[in-house]
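Proteins come first, then strands; the chains are lettered A, B, ... in the order of their sequence lines, and each starts at number 1. Side-chain atoms are counted along with the backbone in the values below, which use heavy atoms only and exclude waters and symmetry mates.
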Number of protein chains: 2
Amino acid sequence: MAIEVDYRFPPSVDAQRQAKIIAVGQTVGTWDARFAHKEGSLRSHLADVLSVETEPTGYSVATIRFPLANVENDIPSLLTMIFGKYSMAGAAKVIEVRLPENYGLCPKFGITGIRQQLGVFNRPLVMAIFKPALGLSAKDHAAIFSEVAYAGLDIIKDDEIMADLDSAPTSERLQACREVIETVKQDTGRTVLYAVNVTGNAAKLLQKARNLVSAGANALLLNVFAYGFSVLEALASDPEINVPIFIHPASAGAICASPDYGYAYSVMLGTMMGYAGADAVLYPAHYGNLPFAAEEEAKIRDALRERNVLPVPSAGIHPGVVSRALADYGKDVVLNAGTGIMDHPDSPAAGVKAFFEALERVAEDKSFDLESLPEGALKSAIQKWGVF
Amino acid sequence: MAIEVDYRFPPSVDAQRQAKIIAVGQTVGTWDARFAHKEGSLRSHLADVLSVETEPTGYSVATIRFPLANVENDIPSLLTMIFGKYSMAGAAKVIEVRLPENYGLCPKFGITGIRQQLGVFNRPLVMAIFKPALGLSAKDHAAIFSEVAYAGLDIIKDDEIMADLDSAPTSERLQACREVIETVKQDTGRTVLYAVNVTGNAAKLLQKARNLVSAGANALLLNVFAYGFSVLEALASDPEINVPIFIHPASAGAICASPDYGYAYSVMLGTMMGYAGADAVLYPAHYGNLPFAAEEEAKIRDALRERNVLPVPSAGIHPGVVSRALADYGKDVVLNAGTGIMDHPDSPAAGVKAFFEALERVAEDKSFDLESLPEGALKSAIQKWGVF
């Protein structure tokens, strides 16, 4: 099997012509009589235009098939081929990429591996984000973590903005939080994951990740669009990085939000992640606080699951969306909340409890109407955030 | 000095409101009474909205100042802060970023260093791209390189699509081309640079770059948007990588081409490159074959030169644009041609000679009208490509 890419062009564009330009210009380019003796070798690298179809909207979709021999079985060489120079050629959006099953990397952990780490197999996972994002010390982080971990949380992550700052060095944050992980394990037998943000230039980042893991980090967080797919692939290929890698979508909007340029969100946050070695991927939920199409979210979910990658719909998640999220996702999903846990009217611990109460209520098929809710964490949450 | 960012919003957006959302949401987030004791620490990380101005077009520009303490003095943590999660919040484009002079990295070579390597100080540099992009063997590359190098070429680069393929391993390409570099040096005393494309996952890429340099590579090429700014910064910070790094803009359009989303080309191909350690940067020339605004090109030129980075306007460059390019750039520029050299009607060597004839003609203030041109390489080129 080869690589197939669907490009969508607005009505003003001559899609037939552009498809041919892509098939030639993004592969061999042209050649003249001087290279007649290399004809076979040159032809083997050319792409084919499989189809160009115009939709009722006037938009056209061109499907182009690229030879596997042109790329290194990774994401960066793929991106350079399918939408490198051509990305600067005018209005065009890559809306789907189909790769052979054995292309690229698989997650080391993914849905099954993360569930095994946690020992949780039959319900959605509950995840929190440290808030406020900046300004807290390692000790502050540990205090917050301890509170939510004892309340039953499965996973916590750094805010994506939290870098390795003088005011809050990553190694200190890990050290303080690792103690919480150990204490919770001793006291309750439960494993709690902390996805620590890895940053720095690629050489330092890779070394830092190894150091963090050997110092007890049990998950990593990477802003892949800021640091690069090649960094994710290096982490995912590194035998010393024997912990799951959580991916944050920071900057994805710069590549995906425009209707007629760049890549579809589902290509970047779904397909590419599934072949780059990500274990869990965060992306906006369409019932969250970022504008996001339900259709794209569903495509991301399916693309991730097809590769055993854990879907983490995020941004504006609170207990009032749990019923809806479970209807969309079933159990293989992470309910990931920042303020939806940390800003619970009673406490962050109540924030976590509210999610578990909501999960129980969905399991028992009970209403989320305020009148029907017993006093407690869930009711306080619904009073604050409502029900979606 | 802090970091200042200009965001442009279309008329439909409440820019005042969005500016406040960015200043808080892309830094600390909100906090409540529980964090009253951390007030000072939290406040020190907040960004300020400096101004929000609406233009006659209805577009608004908000200027926001971010604390340096929030980032790691590098590009990835900067991108995550200024347009990470917020990039997914709706229509908004980052049109300018102003950084303190001592932010990030400076080029190791840049304009002055590359001129010293070449021993060429008083004229534009002439650069070629291997074509066809794929399908040639190492021996083919060496034969082409030898021809153009003896014709006077300063620099050659791999096509950005040329990865480390089974059919054409990078190390073999380098070995064959290094012999050309050495022979030309022995025969003519001239140095010719070959920017070899470095690829692979970040760990392999960094090791490959060191191996290539120790095997005689005298320049590197990096598709920074595919591999990541963190990879460029690692290369630029590595004392073993004592050769200039040429940056290709492949994929830049996915981030920059949309009118209302992503980043301005001048921010990504100018400002960011100037602070990430790039030595020379390729980008579309507005008189080339990609749609590109003259104003953006001028901004890129100026942003690069301010940091001693060599500007390489590209894509559709041929001898007929030399006069115009020199008017725009003066001498500190690279005239970089792919087909504009390789597809010269007579030969690639004639393609190089045509550029030098064009440079002489501009220096002597002579016309490029076909009738006035003597028979030779330049005339053949102008007959084929015309004068811009």
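- Atom OG of A/Ser167 sits about 4.0 Å away from atom NE2 of B/His45, to the nearest 0.5 Å.
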### Message
For a side-chain contact (heavy atoms from CB on, under 4.5 Å) check, start with the C-alpha distance between B/Asn70 and A/Leu134, then their side-chain angles and the critical distance, and finish with the verdict.
### Response
CA-CA 8 Å; B/Asn70 294 10; A/Leu134 295 172; 3.4 Å; yes
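- Here B/Asn201 contributes atom CG and A/Leu235 contributes atom CG; the two are 9.0 Å apart, rounded to the nearest 0.5 Å.
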- Worked check of side-chain contact (heavy atoms from CB on, under 4.5 Å) between B/Thr27 and A/Ile161: CA-CA 7 Å; B/Thr27 60; A/Ile161 295 172; 5.9 Å; no
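- For a residue to count as touching a neighbouring chain, one of its non-hydrogen atoms must lie under 4.5 Å from one of that chain's; by this rule B/Ile21 does not touch chain A.
- The two residues A/Ser41 and B/Gly135 come nearest to each other via the heavy atoms OG-O, 2.6 Å.
- Most heavy-atom pairs under 4.5 Å with chain A, from the set B/Ala315, B/Gly29, B/Ala254, B/Pro291: that is B/Ala254.
- Heavy-atom distances place both the backbone and the side chain of B/Ser137 under 4.5 Å from chain A.
- Taking every heavy atom of both residues into account, B/Ala234 and A/Ala203 meet most closely at CB-N, 3.6 Å.
- Only the side chain of B/Asn223 has a heavy atom closer than 4.5 Å to any heavy atom of chain A.
- The shortest heavy-atom contact between B/Met342 and A/Arg34 is O-NH2, 2.6 Å.
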Point to revise | Working for side-chain contact (heavy atoms from CB on, under 4.5 Å), residues A/Phe35 and B/Asp140 | key: CA-CA 10 Å; A/Phe35 292 99; B/Asp140 297 326; 5.7 Å; no
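- When heavy atoms are compared at a cutoff of 4.5 Å, B/Val71 approaches chain A solely by way of its backbone atoms N, CA, C and O.
- When A/Asp166, A/Val224, A/Leu136 are compared by the number of non-hydrogen pairs under 4.5 Å with chain B, A/Leu136 comes out ahead.
- Side-chain atoms of A/Ser77 never come within 3.5 Å of backbone atoms of B/Ala163 as a donor-acceptor pair (strictly under, hydrogens ignored).
- Of the possible donor and acceptor atoms, none in the side chain of A/Glu160 sits under 3.5 Å from a partner among the backbone N and O of B/Thr80.
- Between chain A and the options B/Leu79, B/Leu42, B/Asp238, heavy-atom pairs under 4.5 Å are most frequent for B/Leu42.
- Heavy-atom pairs under 4.5 Å with chain B were tallied for A/Arg43, A/Gln26, A/Met162, A/Lys204; the largest tally goes to A/Gln26.
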Go through A/Lys85 and B/Asp159 one step at a time and tell me if the side-chain contact (heavy atoms from CB on, under 4.5 Å) criterion holds.
CA-CA 10 Å; A/Lys85 183 176 172 184; B/Asp159 192 280; over 6 Å; no
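- For A/Ala69, the part lying under 4.5 angstrom from a heavy atom of chain B is the backbone only.
- Contacts of A/Leu282 with chain B are absent, with no heavy-atom separation under 4.5 Å from either backbone or side chain.
- Contact detail for B/Ala257 and A/Ser87: the closest heavy-atom pair is CB-O, 4.0 Å.
- Remark: B/Ile255 CD1 to A/Ser258 OG distance equals 12.5 Å, nearest 0.5 Å.
- Taken to the nearest 0.5 Å, the CG atom of B/Asp164 stands 10.5 Å off from the CG atom of A/Asp74.
- Residue B/Asp32 holds its CG atom at 13.5 Å from NZ of A/Lys131, rounded to the nearest 0.5 Å.
- Of all the heavy atoms in A/Pro284 and B/Met88, the pair that sits closest is CG-SD, 3.6 Å.
- Note: A/Tyr261 OH to B/Cys256 SG = 12.0 Å, rounded to the nearest 0.5 Å.
- Your options are B/Ser44, B/Gly200, B/Gly90, and the one with the most heavy-atom pairs under 4.5 Å with chain A is B/Gly200.
- Contact tally against chain B (heavy-atom pairs below 4.5 Å) for A/Met81, A/Glu233, A/His248, A/Lys93: the top residue is A/Glu233.
- Only the side chain of A/Tyr265 comes within contact range of chain B, with at least one heavy atom under 4.5 Å from a heavy atom of that chain.
- Per-residue heavy-atom pair counts under 4.5 Å with chain A were compared for B/Leu206, B/Leu165, B/Val231, and the maximum is reached by B/Leu165.
- With chain B as the partner, the residue from A/Phe225, A/Trp31, A/Tyr227, A/Phe83 showing the most heavy-atom pairs under 4.5 Å is A/Tyr227.
- Taking A/Ser347, A/Ala202, A/Ala252, A/Ala250 one by one and counting their heavy-atom pairs under 4.5 Å with chain B, the maximum is reached by A/Ala202.
- Of the listed residues (A/Gly262, A/Ala226, A/Gly228, A/Gly40), the greatest number of heavy-atom pairs within a distance under 4.5 Å of chain B belongs to A/Ala226.
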